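Input: a single structure, listed below in structure tokens.
Just so we're on the same page: letters track the sequence lines, and every chain starts at 1. Everything quoted here is computed from the prediction, not taken from an experiment.
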Amino acid sequence: MSKSSATFAKSVYELFSSMRFAISLLTVLAIASIIGTVLKQNEPYQNYIIQFGQFWFTTFEWLGLYDVYRTAWFVVILAFLVLSTSTCIYRNLPSMLREMRSYREDASENSLGHFQHRAEFAATGAPLQALKDYLLAQNYRYKERPLSASEGTLLAAKIGSTNRLGYILTHSAIVIICIGGLIDSNIPLKLEQTFGLKKIETRDIPQSQVPAASRLAPDNLSFRGSVTIPEGSSADVVFLNIGDGYLVQDLPFAVAMKKFHIEHYSTGQPKSFASDIAILDKKTGKQLLTHTITVNHPLIYDGIAIYQASFGDGGTKLKLNGWNLFSPSGTPTPINGVVHDSTKLTSGKVNYTLEFTDFRPFNIENTGSEGAAPQQDARSLLGGNAVAENKDLHNVGPSFQYKVRDAQGQAREYSNYMLPILNDKRWFMLSGMRTSPADAFRYIRFPLDPDQTLSGFMRLRGVMFDPAQRAEIARRFTLSALPDGDSSPEIRTKLTDSTEKVLALFAQGGYQTLSDFIEKNVPKAERDRAAQTYLKILELSTYDAYQMAQQQAGLPPPTANEATGWFIRDSLNSMSDLFFYGAPVYLQLAQYDQVNASGVQLTRSPGKNIVYAGSFLLVLGVFAMFYIRERRLWLLVKPGRVLFAMSSNRKTLDFENEFKRHTQRIADIVKE
Amino acid sequence: MELTQTAPAESYFKRLTALDWLFSAFLLGGALYALNQYGSYMDVYEKGIMFAAVGGFSVLGWNWKPIRTLMVVVAGLSLFGINDYHADLARADQAFFLKYLFASQSAIMWMSALFVMATVTYWIGFATRSEFANRVASGLTWSAVAMGLIGLMVRWYESYLISPDVGHIPISNLYEVFILFSIITSLLYLHYERAYNNRQMGAFVLPVISAAVGFLLWYTFGREAQEIQPLVPALQSYWMKIHVPANFIGYGSFAIAAMVGVAYLLASKGILASRLPKLEVLDDVMYKSIAVGFGFFTIATILGAIWAAEAWGGYWSWDPKETWALIVWLNYAAWLHIRLVKGLRGAMLAWWAVVGLFVTLFAFLGVNMFLSGLHSYGTL
Ligand code: HEM
């Protein structure tokens, strides 16, 4: 090695082993870590684009800020830290070991004179033996070095020198922990990606079609991925989410999901999540082991830990009543569906696809505050708020979600409750609709008839929207509003015409067309009055329509009471709202056969035990450093004089006090 | 020559008095009784933890005598409170002793009041240099600790009265850990008070506890956080029982270090210097607190990692709470390096200890308030 490169190597060594370098690295690491906590990690990329705009999105992506802890630069800093700490150990270890063994018995009278903590005593007798006894009594170990007759004898004593072990243990521990962590990190994967050996899959395709370049072999050293398995089926892969895509990790065995259990406390909060699983031989399908995993109690099989992580629907079978909204009638059509599956629906000449997306057996909702739209529940098992924020929580029963997609591919999403819900003391069926997943559901409330069915409403709607019956409704309404003989035929005809008009307008587009009509045809000053008149006509004639509907179904006429009044008003509201519903059918859940799916996470982390071992050493080391105090003490026993000096690598008050105590005791001993 | 001087120092165990052994026997008796009564409900870890606690508390009591009285008083009054329930929660509002003293909520309100009174009294003692006032303040602090511990013990029992499946150790949400924080910080402080035979620092340390109490009261009256809630599945783990207290020994120590740091900074500028202990003493308390806190925080973080490995499938997920724990840890590791390796002392380290409290506070509260992650328990 040439001289210059030797000095270069030396200065690199000095730099790496210097504490300043280590502290700088730690600072950078801390700042990067903070960024990683402030910026939510591993979100879908779309969210970041919305949040930051395209420019900053690209910049942050380039810096790797969406997955800070797995970027190359972060891992490189960690690697440097390992290197720096290792060189630090290498540099300090020899002297530390020497220190631990040595008594420093070569101290001279001169050097003792320079100690900050020293004392000198005049000695009368020969206190050497008494001093030795004293040292032993104080648990010090010492070495005796006889000097010349005039120089006397040196006692070099020490206690707690295993304190140095603390340094060795803590710093080795840090290296060990980092190495364990690096083994479990995705460095090999990152390298393979860099060299194009592995490619992240971003398409939404069945896993069996994922190409080999996006698959990892079962002998992959370390991974952490998850998969959702419906009850009654099995999986032999897990998915690793990376950036905006994923990789498929093939497992050495298959996991079969027999049953997923969920238990609740009486208050509705979840109490336990558990999956009965079986491990299957991948080739033969033979069952090797059965086990129940719960949160906090994973199963470890073949070095792979299997955790309960989440749950969802695994293809619940739904029996539905389809209420045709285009040709209203009092009887629904039965429709069958399966969650995560789709079915075709034809209405007139138009084709629709029904996509069933989810089923929930319970919905714990806040029924205390009025009209609160049911919230989306995040069904992750992790964490969870131990402090319930509201006590008005109730289980409002099952709900299911589906999309209705038209021939153009446009979809609207619906969320319907199975059981009626009490609102303002009236019972309703709730159906939520939204056009984009980012929106909240807006709910339509279908009123229930006195028999607690939807038929009353549907029949009424059928009569109301049937042009052929409009004249009859208007006739009946005029008859009840203007009993015979009270008014002229012109007024009667006018009222009948107005009624037909109002009903026709309402049948075109609900309250919206009515108000548009008024705006267009009535002078501003009279609009309010006109609106009130129209609404009155509408409500009262609807009562007549309701009587007709009942009659046609062979049912007794409605009683004219407050409940019927509310039923009419609620029916009109939902008829009007239905113009914005956007689906040809309202699906009412009649029966279900629930199939759960359980989300399990599988990890292989060979570094784990290394990290634990390192952690153990770290704790030992830290306590060795703090609780074992190293102290050294010298007594130079000369004829007629005793020199006392003391030192410690920790200058604390305890040390000062101990020095004072020894000074006093030694003074006493020497005086004897 | 006096014989006593050279006689070997008596061994640790020989120095223990009959009272010490009686105390240990009392602890062991309690544990055996619990084992006999409730053994069938405990798993092997819980039994292990219980007997480890007997050992741990024995040693604690041997080394720090006043805590024995505390333990006996807390055990006696907690049992009294628990008995007074006659297994009926409704008695909390009917039975005199429960309603006004020992129902968990009453006891915790007493704790809060006593901590505030102690803070005021320490300041009176500080201002008037009255040793008597300071002694009263210490007494108030001890009483507050006792009431807080009784509150927690009774609350533990109450949770089982709600329903056996709801029952759990009361360290599972922000409300409960604030009580724990107040208790642990006071105990650590009381220990230093005795070890340094100096009560002036109380005027600086107790305000932090009062602030915690203030938060606790706001949380109680503003958010009704005192309601006992069942544990979500992720928290149903025995690791919680040791992870959380270990963390709070860390937090409490760091809080003491910071407040002593404030005292140091004032004294080093000559402000109140005549009333405060010497700078060396303040410096020493600051160092010891951080050293103890660092040790326990290390353990707590490791226990957290072990727990995470069981609950979340990975010992380190770079979850915000984990990451901030690492930042706190690195911060104090740097502090210790600067002091021990570079030998730095003085105002700069005191400032750093004060700033350290804010970093710690963020890790403790800020993460729950501002960041989201897996540690969602205790969301404000
Ligand atoms: C990952 C980086 C590092 C961490 C987390 C770390 C951690 C620690 C800890 C916790 C202590 C205990 C403090 C005490 O009580 O004495 C310590 C002490 C010490 N560290 Fe580090 N350390 C790191 C890197 C380094 C490096 C690179 C050096 C090289 C100069 C170094 C030199 C020392 C020394 C000399 C001591 C004091 C030993 C003694 O006085 O007994 N450390 N370190």
Side-chain angles (χ1 to χ4, degrees), chain A residues 19 23 26 29-30 33-34 36-38 40-41 68-69 130 133-134 136-139 181 224 265-267 269-273 294-298 305 307 309 381-389 601-603 605 608 611-612 615 618-619 622-623 626 649-650 652-653 656 665 668-669 672, chain B residues 1-2 5-9 163 165-166 172-175 225 227 229-237 280-281 284 287 291-292 294-295 298-299 302 305-306 309-316 318 320 323-324 326-327 330-331 333-334 337 340-342 367 371-379:
Chain A
M19 221 181 64
I23 292 203
L26 290 178
L29 206 65
S33 305
I34 292 176
T37 64
V38 175
K40 244 179 149 182
Q41 302 285 290
V68 170
Y69 312 111
D133 291 345
Y134 176 69
L136 288 180
Q138 296 291 319
N139 292 324
R224 183 170 171 190
Y265 293 107
S266 55
T267 50
Q269 283 116 314
K271 178 170 151 186
S272 80
F273 305 107
T294 59
V295 179
N296 275 317
H297 299 281
Y307 302 87
L381 311 190
L382 311 178
N385 190 348
V387 184
E389 272 161 9
Q601 187 175 70
L602 279 82
T603 53
S605 59
K608 184 165 114 174
V611 169
Y612 286 0
S615 302
L618 182 64
V619 172
V622 166
F623 279 83
F626 297 136
N649 63 350
R650 298 266 191 287
T652 60
L653 274 189
E656 302 287 342
R665 302 286 285 274
D668 287 346
I669 295 170
E672 295 303 307
Chain B
M1 191 201 284
E2 282 176 52
Q5 283 177 338
T6 48
S163 159
D165 65 354
V166 169
S172 67
N173 63 26
L174 212 50
Y175 176 79
E227 304 241 332
Q229 296 292 346
L231 286 184
V232 296
L235 293 183
Q236 296 165 7
S237 165
E280 298 88 84
V281 173
D284 208 59
Y287 162 70
V292 169
F294 186 77
T298 308
I299 294 181
I302 291 169
I306 296 175
E310 279 192 3
W312 301 338
Y315 52 84
W316 196 263
W318 294 102
T323 310
W324 273 94
L326 176 69
I327 292 164
L330 290 178
N331 179 48
H337 271 89
L340 297 172
V341 184
K342 288 266 183 268
V367 172
L371 309 174
S372 59
L374 303 173
H375 270 91
S376 51
Y377 97 79
T379 322

- prompt: Between A:Asn296 and B:Pro233, is there a donor-acceptor pair closer than 3.5 Å when you use the side chain of the first and the backbone of the second?
  reply: yes
query: Which one, B:Thr298, B:Ile306, B:Val166, B:Ile299, leads in non-hydrogen pairs under 4.5 Å with chain A?
result: B:Ile306
Name the region of [X], side chain, backbone, both or neither, that has any atom closer than 4.5 Å to a heavy atom of chain B.
{"X": "A:Thr603", "result": "side chain"}
{"X": "A:Val611", "result": "side chain"}
{"X": "A:Ile34", "result": "both"}

Locate the shortest heavy-atom distance separating [X] from [Y]; write the atom from each residue and the value.
{"X": "A:Ser33", "Y": "B:Thr323", "answer": "CB-CG2, 3.3 Å"}
{"X": "A:Pro298", "Y": "B:Glu310", "answer": "CD-O, 3.7 Å"}
{"X": "A:Ile23", "Y": "B:His337", "answer": "CD1-CB, 4.5 Å"}
{"X": "A:Tyr265", "Y": "B:Asp165", "answer": "CE2-O, 3.4 Å"}

task: Go through the steps to decide whether B:Gln236 and A:Val295 satisfy the test side chain to side chain contact (heavy atoms under 4.5 Å, CB included), and finish with yes or no.
output: CA-CA 8 Å; B:Gln236 296 165 7; A:Val295 179; over 6 Å; no
- request: Name the region of B:Ala309, side chain, backbone, both or neither, that has any atom closer than 4.5 Å to a heavy atom of chain A.
  value: both
query: With a 4.5 angstrom heavy-atom cut-off, which part of B:Trp318 approaches chain A: side chain, backbone, both or neither?
result: both
query: Rounded to the nearest 0.5 Å, what separation is found between the CZ atom of A:Phe626 and the CZ atom of B:Phe294?
result: 6.0 Å
